[in-house]
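Sequence lines set the chain letters: A, B, ... in the order given, protein chains first and strands last, and positions in each chain run from 1. What you see is a predicted model, and the numbers here were worked out from it, not measured in a lab.
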Amino acid sequence: MFKSKTPKTFPSNNATLRYSSATSLVDPTTHQELHQHTFSNQPNDISQTPTSQFSQYLDPRFYLSQLLNCKSLYQVKQVHAQITTNGLIKNQIVANKLLYIYSLHKSLDYAYALFCSLSGKNAVSWSVMIGGYAKAGEFINSLRTFREYLRSGDKPDNYTLPFLIRVCRDTMDLQMGRKIHNVVYKNGLQSDVFVVAALVDMYSKCKVIGDAKQLFDKMPKRDLVTWTVMIGACTECGDPSEALVLFDQMREEDVVPDKVALVNVVNACAKTGAMHKAKVLHEYIVRNKFSLDVILGTAMVDMYAKCGSVDVAREVFDGLREKNVITWSAMIGAYGYHGQGHEAIDMFPMMLRSGILPNKITFVSLLYACSHSGLVEEGKRLFNSMQNEYGVKPDIKHFTCMVDLLGRAGKIDESLELIDHMAVEKDEGLWGALLGACRIHGHVELAEKAAKSLIELQPQNPGHYVLLSNIYAKAGKWQDVAKIRELMTHQKLKKIPGWTWIEVDNKIHRFSVGDHTHHQSKEIYEKLKCLLEELEAAGYVPDTNFVLHDVDEELKLGNLFSHSEKLAIAFGLISTPEHSTIRIMKNLRVCGDCHTFCKFVSQITSRVIVVRDANRFHHFKEGACSCGDYW
DNA sequence: CTAGGGTTAG
């Protein structure tokens with residue numbers, strides 16, 4: 001029999017072990033009896049049997065591999081039974097492995113029962129238990145077990161702490177996360193790559209990038225995963241450009257990226273919308289012979305679409321060997337926000353034919369595509385079929401798409417009816433969609449109601465006040481306008497700054513309203529001035545009626561001339577080759593006046609202009625926009 | 001014998 005200390009060498013088969021006749025030795029992978037006979041019937045034969053035939057049943061290594069091969073809980077329990085009968089449960093390595101395998105099969109109850117029965121628990125046993133609970137989402141049990149662990153007199157280590165940090169991340173419990181961070185310091189683990197990676201990830205999910213970056217910067221040596229979580233954290237917290245910078249720094253330190261790292265970088269690139277960077281990244285991936293698996297491939301499809309080229313996205317999509325529901329949804333979504341509604345809904349039957357079933361996000365993408373292309377009947381049909389034919393229950397997002405779709409088409413009554421009858425909680429997105437419809441079709445009273453609901457839901461969001469004030473302004477209710485403004489100043493609500501950026505010669509040029517910081521500022525304003533004269537000659541009228549934008553700054557009439565979009569386009573015109581496409585990006589929604597402006601520019605300059613705003617893409621060509629002119 | 005990072009909407 002084994003001592004509780006793990007022996008370095010395994011006992012030989014002439015140890016005085018007896019096999020019980022009750023033990024059935026079944027190979028869990030094949031369910032085949034390994035031997036027809038039971039050993040206890042022939043105890044005297046053991047010494048005469050060749051060593052190799054029996055040693056495996058006494059060898060812990062045999063059970064370790066048996067456990068790894070288990071395909072079901074049933075099989076695990078069978079091996080467990082063998083281990084118990086053979087007395088190998090006293091072997092800590094075997095016992096811990098068993099514990100671990102139970103947790104892998106999400107059988108935390110069995111794991112815990114085994115855990116309790118173990119006479120000799122070591123740090124690994126505790127870690128496996130704490131981690132098992134954490135991964136299964138049983139956070140309270142995980143924490144409880146950790147406390148018991150501390151009470152048993154042991155110190156938290158670089159195995160247990162990442163699990164706890166994971167609990168904090170998954171529950172978004174920043175307070176607890178900070179406490180554990182303190183424990184990390186007390187135990188001198190602030191440079192452990194596992195601990196730091198977990199902490200950075202936790203902070204980023206809680207949107208406190210500063211703490212994450214500080215921790216990261218102080219590390220003496222960072223490994224690939226630490227870099228990867230930091231890159232992901234930047235993207236998550238709204239600074240994808242920084243994520244791309246980190247990627248370059250990482251490579252400068254000779255850390256070689258793997259697929260997971262690249263997925264994070266591709267995501268960052270998608271967020272920045274920088275087409276040139278996207279191409280360079282793609283080349284890097286091809287040159288280094290990374291195969292495009294479903295995840296990386298999907299990320300790539302998404303990246304090209306969000307960087308402005310739905311066609312290249314489709315090429316990548318077509319080239320993927322494996323596509324899952326996420327890949328298809330990404331492609332459908334891409335067509336949707338590029339205003340190609342028909343292409344989007346055409347993908348749906350193709351997806352079904354390839355044997356992929358839609359999920360709720362697929363339907364969000366489909367309905368979204370319909371609403372942005374005015375495909376009312378198609379949208380209705382899809383909405384009705386999602387529950388009936390595919391068993392996907394509509395949630396608030398789907399209702400919002402429908403309200404948007406119906407509202408844009410002028411069917412406000414139908415929208416309202418849908419809202420009245422929906423059985424899910426209403427959120428700001430829904431009121432926003434209704435408001436959008438009111439804005440297009442001039443329903444002042446309803447718009448007022450929707451805006452008030454918005455403010456009620458999110459009193460801290462300045463955008464809602466601006467909207468309401470604009471509604472009043474349009475209706476000539478100037479006293480109400482003043483009241484809202486006063487309310488805003490009183491509550492010291494911060495305005496959301498709007499900006500537009502454009503990539504020229506691999507460099508990002510950023511503009512805000514009335515911006516004079518660009519080194520070619522003078523030329524830009526001159527160009528804009530000439531342009532406006534030409535545009536006005538062609539019939540463009542600066543649209544002071546469409547003052548319903550999200551940004552307070554840009555409301556001021558005097559600033560209409562120098563909206564960030566216009567500055568970026570003027571710069572694009574003077575700094576890019578004739579006839580080339582101008583791509584600009586805006587962090588908020590492009591306003592109605594700039595929308596009209598773009599149409600005219602595309603007409604008189606024969607340029608294609610692609611605008612990515614917070615919501616979607618607008619492709620301006622020969623005086624028209626792909627968005628169906630929903631302004 | 002245990003540990004961290006990956007795809008669609010928002």
Side-chain angles (χ1 to χ4, degrees), chain A residues 6 60-61 63-64 67-68 91-101 103-104 121-132 134-135 157-166 169 189 192-202 204-205 223-233 235-236 257-267 270 292-303 305-306 313 317 320 322-334 336-337 358-369 395-398 400-401 427-429 432 614-615:
Chain A
T6 310
R61 284 174 296 189
Y63 291 102
L64 297 186
L67 284 170
L68 276 177
N91 180 314
Q92 235 171 17
I93 295 181
V94 173
N96 286 340
K97 187 72 170 187
L98 185 57
L99 204 57
Y100 175 63
I101 297 294
S103 84
L104 272 189
K121 301 181 191 49
N122 64 6
V124 175
S125 328
W126 285 97
S127 277
V128 171
M129 206 57 233
I130 294 166
K135 279 184 246 173
D157 62 9
N158 55 338
Y159 278 90
T160 43
L161 286 174
F163 286 130
L164 291 178
I165 299 165
R166 179 198 192 115
R169 179 195 68 185
L189 290 167
D192 182 274
V193 283
F194 283 89
V195 173
V196 173
L199 279 171
V200 168
D201 199 30
M202 184 272 295
S204 94
K205 297 275 149 53
D223 71 350
L224 175 59
V225 178
T226 322
W227 277 104
T228 305
V229 290
M230 195 63 232
I231 288 170
T235 311
E236 177 100 26
D258 65 358
K259 235 178 234 183
V260 181
L262 285 170
V263 169
N264 277 282
V265 180
V266 167
N267 278 335
L292 290 191
D293 64 9
V294 225
I295 299 181
L296 185 55
T298 303
M300 201 82 122
V301 168
D302 186 54
M303 173 182 76
K306 287 189 178 148
F317 176 89
L320 294 181
E322 192 190 343
K323 306 178 185 76
N324 61 16
V325 62
I326 303 179
T327 320
W328 284 94
S329 303
M331 196 63 234
I332 292 170
Y337 52 73
N359 64 14
K360 55 169 53 184
I361 298 176
T362 317
F363 281 107
V364 171
S365 307
L366 284 165
L367 296 175
Y368 183 91
D395 66 20
I396 183 71
K397 294 279 170 283
H398 304 103
T400 304
C401 286
D427 69 356
E428 67 275 7
N615 269 1

Of the listed nucleotides (B:dT8, B:dT2, B:dC1), which one gets closest to any side-chain atom of A:Asp302? B:dT8
Rounded distance (Å) that lies between atom C1' of B:dG6 and atom CG of A:Asp293: 8 Å
Rounded to whole Å, how long is the line connecting atom CE of A:Met300 with atom P of B:dG6? 19 Å
Per A:Asn324 side chain, nearest of listed nucleotides B:dG4, B:dA9, B:dT7: B:dT7
Whole angstroms only, please: what is the CG-P distance between A:Leu68 and B:dC1? 9 Å
Between A:Tyr368 (OH) and B:dT8 (P), how many Å, whole number? 15 Å
For A:Val225, answer base if it contacts any base atom (sugar-phosphate contacts may also be present), sugar-phosphate if it contacts only those atoms, and nothing otherwise; contact means non-hydrogen atoms under 4.0 Å. base
Is there a side-chain hydrogen bond (donor to acceptor under 3.5 Å, both in side chains) between A:Ser329 and A:Thr362 once you walk through the steps? CA-CA 5 Å; A:Ser329 303; A:Thr362 317; 2.9 Å; yes
From B:dT8, B:dT2, B:dG4, pick the nucleotide closest to the side chain of A:Val193? B:dG4
Integer-rounded Å distance: B:dG6 C1' and A:Lys259 NZ: 11 Å
A:Lys360 atom NZ: more than 12 heavy-atom contacts under 6.0 Å: no
Under 4.0 Å between a side-chain N/O of A:Lys306 and OP1 or OP2 of B:dA9, yes or no? yes
When rounded to whole Å, the CZ to P distance for the pair A:Arg169 and B:dG4 reads 9 Å
Looking only at side-chain atoms of A:Tyr100, point me to the closest of B:dT8, B:dA9, B:dT2. B:dT2
Below 4.0 Å: OP1/OP2 of B:dG4 and any side-chain N or O of A:Tyr159: no
If you only use heavy atoms from C-beta on, which nucleotide in B:dG6, B:dA3, B:dC1 is closest to the side chain of A:Phe163? B:dA3
Residues which pass side chain to side chain contact (heavy atoms under 4.5 Å, CB included) with A:Asn122, listed by chain and number, not counting sequence neighbours: A:Gln92, A:Asn96, A:Val124, A:Ser125
Can the positive tip of A:Lys97 be found less than 6.0 Å from the middle of the six-membered ring of A:Tyr63, inside 45° of the ring normal? no
Which is true for A:Val128 with a 4.0 Å heavy-atom rule: it touches a base, it touches only sugar-phosphate, or it touches nothing? sugar-phosphate
Distance-only, no hydrogens or angles: does the A:His398 side chain make a donor-acceptor pair with backbone N or O of A:Leu367 under 3.5 Å? no
Distance check: side-chain N/O of A:Asn267 vs OP1/OP2 of B:dT7, anything under 4.0 Å? yes
Taking B:dG5, B:dG10, B:dA9 as options, the one with an atom nearest any side-chain atom of A:Asp258 is B:dG5
Quick one: is B:dA3 close enough that its OP1 or OP2 comes under 4.0 Å of any side-chain N or O from A:Arg166? no
Options B:dG6, B:dA3, B:dT7, nucleotide nearest the side-chain atoms of A:Asn264: B:dG6
d(CG, A:Leu104; C1', B:dA3) in whole Å: 13 Å
Is the phosphate of B:dA9, meaning OP1 or OP2, less than 4.0 Å from a side-chain N or O of A:Lys360? no
A:Val193 vs A:Val225 side-chain heavy atoms within contact, under 4.5 Å: no
Applying a 4.0 Å non-hydrogen cut-off, can you work out what A:Ala261 is touching in the nucleic acid: base, sugar-phosphate, or nothing? base
Within the 4.5 Å heavy-atom criterion, are A:Asp192 and A:Leu161 side-chain neighbours or not? no
Looking for any heavy atom pair under 4.0 Å, which part of the strands does A:Ile130 touch: base, sugar-phosphate only, or nothing? nothing
For A:Lys135 and B:dA3, is the shortest distance between a side-chain N/O and OP1 or OP2 below 4.0 Å? yes
So which nucleotide from B:dG6, B:dG5, B:dA3 ends up closest to the side chain of A:Phe194? B:dA3
Nearest to the side chain of A:Ile326 - B:dT7, B:dT2, B:dG6? B:dT7
Take atom CG of A:Leu99 and atom P of B:dC1, then tell me their distance rounded to the nearest Å. 15 Å
Under 4.0 Å, heavy atoms only, any strand: does A:Ser125 hit a base, just the sugar-phosphate, or nothing? nothing
